[in-house]
Structure formats: structure tokens, C-alpha cells
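Take a look at the structure set out below.
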Amino acid sequence: MKQQLEHIRQQAIAALNEADSPAVLEDLRIKYLGKKGELTAVLKLMGKLTPEERPVMGQVANAVRNEIEIKLEERKAAVNAAVLEKKLAEESLDVTIPGTPVIMGKEHPMNQVLQEIKALFVSRGYTIIEGPEVELAEYNFTRLNTEEGHPARDRSDTFYFTDDDSLLLRTQTSPMQIRAMENAKPPICILAPGRVYRKDEADATHSPMFHQIEGLVIDEHITMGNLKAALITLMRSLYGEDAQMRFRPHHFPFTEPSCEMDMQCHKCHGTGEVDGQVCSTCHGEGWIELLGAGMVHPKVLEGCGIDPEKYSGFAFGMGLERMAMGRRKINDLRLIFDNDVRFLNQF
Ligand code: DAH
């Protein structure tokens with residue numbers, strides 16, 4: 001029996017020394033000291049001993065129990081301290097670690113250029129107006145002297161909503177000319193930026209949705225000279241005093257005479273070539289078409305109740321993406337719509 005007790009003692013102490021969690025310690029307590037534990041099992045055999053042996057064994061058994069109890073308490077304290085230490089280490093707060101950076105958004109490069117253009121025209125007395133993208137064909141075409149059957153109204157270029165082709169996504173901001181003249185008497189001096197839509201394939205300079213800025217000035221004695229001055233002032237303020245631009249005669253139904261204005265390609269500097277290859281930004285033209293313009297057609301004025309004998313006016317409609325491309329030296333229109341932050345962060 002003495003040997004049995006000694007065996008239990010050694011095993012219990014060894015197991016307790018190994019134990020590294022409160023759960024394991026509790027298991028060991030039950031195993032050795034519990035009511036159904038090993039020590040109790042041995043003590044139950046005491047009855048079979050002689051009366052002389054009994055107190056001697058009793059002492060030994062008590063000593064073993066005491067030793068195990070003391071060891072258990074000792075280990076409990078050590079394990080709890082270790083658990084606490086681990087917890088504190090895990091939950092410790094290092095106030096010197098740099099915080100998570102907050103990603104700040106910023107204005108899209110195209111909007112930056114739009115703001116520059118608006119600011120220039122506002123400083124010259126223009127009022128900014130906006131109008132619907134879902135537009136009546138009457139405003140988008142008919143009242144701009146573009147009668148039914150005109151090729152510009154073709155279904156292959158225009159997104160129509162109705163079978164009778166009376167409602168559409170505006171293909172240009174020019175209907176804002178009609179809306180402005182309907183709403184006010186001359187002098188009229190407005191700038192109307194907004195989205196326009198055409199059934200175009202996307203490439204380096206085309207997109208089915210893009211932005212235009214329409215300008216309209218109506219007063220007495222307005223001439224083509226005023227138009228050119230307004231546009232040259234804009235180009236110089238955006239692209240510098242030595243900006244290279246050209247006016248070409250053109251035809252638009254709602255202006256007479258009409259012209260287009262081009263800017264020298266910022267990528268090939270007018271040569272049409274880059275490293276012996278056709279320039280992909282201007283398709284080898286050396287120039288990028290920026291806008292259409294002209295003197296408002298007398299029929300358009302009359303249709304809005306403005307006397308063409310007394311008043312004249314000029315109008316222009318420019319492509320905002322292309323203005324931004326030149327301003328920011330962007331070579332492909334699609335970058336403007338991709339919204340890749342690596343691209344946007346450069347501006
Ligand atoms: N709306 C024309 C277009 O989208 C551009 C244009 C031409 C606008 C002449 C005008 C203008 O105001 O007078 O191609």
C-alpha cells in the first residue's frame with residue numbers, strides 16, 4: 001500500500017508539473033483528489049489493514065494528499081499568471097503604431113478642367129445653366145433647323161426612346177440654346193455643360209457617352225470676331241499663350257456661317273507621328289477637333305421669337321473630354337472613364 005501511495009504521489013507531481021492550462025489542472029485534481037479519484041480508492045482499502053498499520057498508513061496517505069494539494073495550488077497560481085500575461089500581451093495597445101491612412105477622394109481631372117472653363121466664362125459674364133439629358137427630338141433637332149429626314153437624325157447614331165423618334169438621349173448640348181432663348185430675352189449669355197449620348201464605338205477619342213459645353217451669346221452687333229475672341233481667350237487660358245489652334249469652315253444646320261476649331265495634338269505636336277508610327281491620339285491628323293461653332297442661324301432665332309434683323313449671336317459646343325485630354329496631356333479618352341485611382345491620383 002505504501003508503494004501504491006508513493007506511485008500515485010510521483011505520477012501526480014509529474015503530471016502537475018507538465019500541466020499548462022486551468023482545464024488540465026482541474027482534470028488532474030479530479031483524477032487524484034476527487035471522490036472517485038485514485039487516492040480515495042487506495043484509502044478505501046485502509047479497512048483491510050491491521051489496527052497497528054492503520055495510523056501509519058493514514059499518516060503517509062495524508063502527507064501524499066497534502067503534497068499533491070500544495071503542488072496543485074502552486075501550479076494553479078503559475079498557470080493563471082501565465083494566462084494573464086498572455087492576455088495582456090495580446091491586448092496591449094501600442095499608441096505609437098501609425099494609424100490606418102484615410103483615403104481622401106479628389107476631384108476628377110475632367111471636372112477640374114470643367115471648373116476652370118466655367119470660372120473663365122463666369123468671369124466674363126456668362127450664366128451657367130443645365131437641362132435634361134432625356135430630350136425632345138424637337139429641341140435636339142427640329143428647332144435647331146434639323147428637319148425630319150436629316151441624316152443627323154439617323155437611328156444609327158441616336159438613342160431613341162419611342163417608335164416615333166420624338167424622345168431621345170440628347171446627342172448634343174445645342175438644345176440648351178433653344179431652352180435658353182425660350183426662357184429669356186436678349187442679351188443672352190449662357191454656358192451649358194452636360195452629358196450627351198451617341199451610338200459611337202469607344203476608342204482613343206470616342207465614347208457613347210461624353211460631355212459637351214454649349215455656349216450661346218445673343219445681343220445686338222454680335223459678330224464672328226466676338227466668337228473667335230471668346231474661343232481664343234479660352235484656349236490661351238487653358239493651354240498657354242502659345243497654344244496652337246486653327247479654325248476650319250464647316251457646316252452645321254443651326255449656324256451660318258459655321259466652323260470647327262482644332263487644337264494641335266499634344267502627343268505628336270502636330271506631326272501625326274510618334275516614333276515612326278501613326279499617332280494614336282489624333283489618328284495621324286496632327287490636330288484634335290475640339291468644338292463646333294458659328295453664328296446662330298436666323299431661322300433658329302426666329303423660331304424662338306428673336307428678331308434676326310435686330311439681334312445676332314454666336315454659339316459653340318465643345319467636347320469636354322477632349323479639352324481635358326489636351327489640358328492634362330491624356331492620350332486616351334478611355335482613361336477618363338476607367339476611374340483607375342492610379343491614373344486619377346496623378347492630377
Ligand atoms: N452640337 C454640335 C455637335 O455636337 C457642335 C456645335 C456646332 C455646337 C456649332 C454649336 C455650334 O453651338 O454653333 O457636333
Side-chain angles (χ1 to χ4, degrees), residues 1-115 202 207 209 324 327-347:
M1 181 167 228
K2 199 173 172 193
Q3 271 169 2
Q4 258 177 320
L5 287 169
E6 177 59 19
H7 182 70
I8 291 172
R9 188 187 72 84
Q10 278 176 10
Q11 280 216 319
I13 299 296
L16 285 168
N17 276 330
E18 297 269 296
D20 59 359
S21 80
V24 172
L25 286 173
E26 177 59 10
D27 286 348
L28 290 175
R29 186 190 66 77
I30 294 166
K31 181 170 180 209
Y32 291 107
L33 307 176
K35 274 189 193 151
K36 292 177 183 164
E38 292 187 13
L39 205 55
T40 317
V42 175
L43 291 178
K44 280 187 183 146
L45 302 175
M46 288 280 238
K48 295 192 178 148
L49 295 176
T50 62
E52 296 79 48
E53 284 173 321
R54 237 176 264 158
V56 181
M57 274 310 133
Q59 259 180 12
V60 175
N62 272 337
V64 169
R65 168 174 278 275
N66 274 341
E67 199 180 332
I68 294 175
E69 274 174 354
I70 289 166
K71 189 75 194 171
L72 184 71
E73 286 312 310
E74 204 181 286
R75 289 297 298 150
K76 258 191 196 165
V79 165
N80 283 341
V83 167
L84 182 66
E85 195 141 306
K86 188 161 172 258
K87 206 173 162 198
L88 286 174
E90 279 170 359
E91 290 178 1
S92 73
L93 179 68
D94 181 351
V95 291
T96 66
I97 292 173
T100 314
V102 177
I103 298 167
M104 294 290 284
K106 63 177 173 185
E107 198 160 39
H108 191 285
M110 191 183 66
N111 271 325
Q112 292 174 12
V113 175
L114 174 61
Q115 296 309 333
S207 153
M209 185 285 293
R327 177 82 175 89
R328 298 302 195 179
K329 308 264 182 287
I330 297 165
N331 293 332
D332 196 312
L333 180 76
R334 286 162 290 196
L335 290 167
I336 291 182
F337 299 114
D338 281 350
N339 286 331
D340 184 326
V341 288
R342 291 167 301 181
F343 166 76
L344 297 175
N345 279 336
Q346 296 171 48
F347 303 98

Exercise for the section: Carefully, step by step, assess K86 and E90 under the rule side chain to side chain contact (heavy atoms under 4.5 Å, CB included). Expected result: CA-CA 6 Å; K86 188 161 172 258; E90 279 170 359; 3.8 Å; yes
Exercise for the section: Show your reasoning for whether side chain to side chain contact (heavy atoms under 4.5 Å, CB included) applies to L335 and D340. Expected result: CA-CA 8 Å; L335 290 167; D340 184 326; over 6 Å; no
Exercise for the section: Walk me through it: do R65 and E69 pass the test salt bridge (charged side-chain N to carboxylate O under 4.0 Å, His left out)? Expected result: CA-CA 6 Å; R65 168 174 278 275; E69 274 174 354; 3.3 Å; yes
Exercise for the section: Under the side chain to side chain contact (heavy atoms under 4.5 Å, CB included) rule, what do L5 and L39 come out as? Steps first, then yes or no, please. Expected result: CA-CA 7 Å; L5 287 169; L39 205 55; 3.7 Å; yes
Exercise for the section: List the steps and the verdict of side chain to side chain contact (heavy atoms under 4.5 Å, CB included) for I30 and E26. Expected result: CA-CA 6 Å; I30 294 166; E26 177 59 10; 3.8 Å; yes
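Using a distance-only test at 3.5 Å, with no hydrogens or angles considered, a donor-acceptor pair links the side chain of Q112 to the main chain of E107. Here the side chain of T40 pairs a donor or acceptor atom with the backbone of G34 at under 3.5 angstrom. Panel note: side chain R327, backbone V113; no donor-acceptor pair is recorded below 3.5 Å. The backbone N or O of L88 sits nowhere less than 3.5 Å from a side-chain atom of E91 that would complete a donor-acceptor pair. A donor-acceptor pair is defined here as one N or O able to donate and one able to accept, closer than 3.5 Å; no such pair exists between the side chain of H7 and the backbone of K2. Checking side-chain atoms of R75 against main-chain N and O of L16 turns up a donor-acceptor pair under 3.5 Å.
Within 6.0 Å of NZ on K48 lie no more than 12 heavy atoms contributed by other residues, nucleotides or ligands. For CD1 of I103, the number of neighbouring non-hydrogen atoms (other residues, nucleotides, ligands) closer than 6.0 Å is 12 at most.
A search for ring pair (Phe, Tyr, Trp, His ring centres under 6.0 Å) contacts involving F343 returns F347, not counting sequence neighbours.
Atoms NE2 and CG, from H108 and L344 in turn, are 5.0 Å apart once rounded to the nearest 0.5 Å. The OG atom of S21 sits 10.0 Å away from the CG atom of N80 when rounded to the nearest 0.5 Å. The line from CG of N111 to NZ of K106 is 13.5 Å long, rounded to the nearest 0.5 Å. To the nearest 0.5 Å, the span separating CD1 on I8 from CD1 on I13 amounts to 12.0 Å.
Across L28 and A19, no two heavy atoms sit closer than the pair CD1-CB, 3.9 Å. The nearest pair of heavy atoms linking S92 to A89 is OG-O, 3.2 Å. When every heavy atom of M110 is checked against every heavy atom of I336, the shortest pair comes out as SD-CG2, 4.0 Å. When all heavy atoms of A324 and I330 are compared, the pair lying nearest together is O-CD1, 4.2 Å.
Residues N17 and K71 have side chains that bring a donor and an acceptor to within less than 3.5 angstrom of each other. No side-chain N or O of R328 forms a donor-acceptor pair with one of Q346 less than 3.5 Å apart.
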